[in-house]
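Read through the structure below, which is laid out as structure tokens, and then see the notes.
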Amino acid sequence: RLDGVRNVLILSGTPAEMGAAHGRLLRDDVLEMNARIAAVGVAASLKLGENFAARIEEATRRTAPFVPERFFEEMDALAAASGLEPAQIRRINSFPELFHCSGVALRGSATVGGRVLHARVLDYMRDVGLQNNAALIIYRPTGRNAWLSVSYAGFVGTVTAMNEKGLAIGE
């Protein structure tokens, strides 16, 4: 806990070590995220008349060739440590592929002194409680740049982050 933020992780080591620590330390939150995403899937399937689980599987299949192997290692270790199946963690991590958030970047004459300002707003699905399992995760992977990810329990990689070199990204 840090200044009111419930989940703050500092993960270091190999992908498997980071995934195992994540799954062990945030096990209850990871299980809640899995249940929340499953509930969203059921509700969306009923409302839209389509198989939401199949849409997540399609997103997982479509993005897999572009995901470095180290992230699969991290997800598999996270799954084992939290008690979920690897496929469940991969679905959790594919969930954002089906939704989009707002973002903005300003520079030059639009800012004081020409500085670059970047922001991302997590503005979808507040009513299903995903924010209840938010996590600030500092990654310190062996042999790679460190970064801070504004994320959720059970997610690896990032949808919003800044690395130690000052590079910021947002989904």
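Since the structure is predicted, the reported quantities are computational estimates derived from the model, not experimental observations.
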Side chains of [X] and [Y]: does their closest heavy-atom pair fall under 4.5 Å?
{"X": "L136", "Y": "L9", "result": "no"}
{"X": "I56", "Y": "I37", "result": "yes"}
{"X": "I92", "Y": "F155", "result": "yes"}
{"X": "R36", "Y": "N132", "result": "yes"}

Nearest heavy-atom pair of [X] and [Y]: which atoms, and what distance?
{"X": "A168", "Y": "M162", "answer": "CB-CE, 3.9 Å"}
{"X": "P15", "Y": "R70", "answer": "CB-O, 3.2 Å"}
{"X": "G154", "Y": "N93", "answer": "O-ND2, 3.0 Å"}
{"X": "A20", "Y": "A77", "answer": "N-CB, 3.7 Å"}
{"X": "P141", "Y": "M18", "answer": "CB-CE, 3.8 Å"}
{"X": "A134", "Y": "N7", "answer": "O-ND2, 3.1 Å"}

Side chain to side chain donor-acceptor pair (under 3.5 Å) partners of [X], counting only residues at least two apart:
{"X": "E97", "answer": "none"}
{"X": "R91", "answer": "E57"}
{"X": "T63", "answer": "none"}

Hey, could you give me each pair passing side-chain hydrogen bond (donor to acceptor under 3.5 Å, both in side chains) that has a residue in [range]? Not counting sequence neighbours.
{"range": "residues 72-82", "value": "D76-R90"}
{"range": "residues 142-151", "value": "S149-T158"}
{"range": "residues 9-28", "value": "T14-E17"}

E85, CD atom: more than 12 neighbouring heavy atoms under 6.0 Å: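 Counting other residues, nucleotides and ligands, CD of E85 stays at 12 neighbours or fewer.
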
Evaluation steps, side-chain contact (heavy atoms from CB on, under 4.5 Å), between L84 and L31: CA-CA 8 Å; L84 293 174; L31 297 177; 3.6 Å; yes

Enter the distance from [X]:[atom1] to [Y]:[atom2] here, rounded to the nearest 0.5 Å.
{"X": "I89", "Y": "L78", "atom1": "CD1", "atom2": "CG", "value": "4.5 Å"}
{"X": "N133", "Y": "E32", "atom1": "CG", "atom2": "CD", "value": "4.5 Å"}
{"X": "F71", "Y": "F66", "atom1": "CZ", "atom2": "CZ", "value": "15.0 Å"}

Path from L148 to I10 over hydrophobic side-chain contacts below 4.5 Å: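 In one cluster with L148: I10, yes.
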
Cluster check V150, I169: I/L/V/M/F/W/Y, side chain < 4.5 angstrom: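 Cluster IDs for V150 and I169 differ.
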
R61 with E58: basic N within carboxylate O range, under 4.0 Å: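 Looking at E58 together with R61, the answer is yes, because their closest N to O distance falls below 4.0 Å.
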
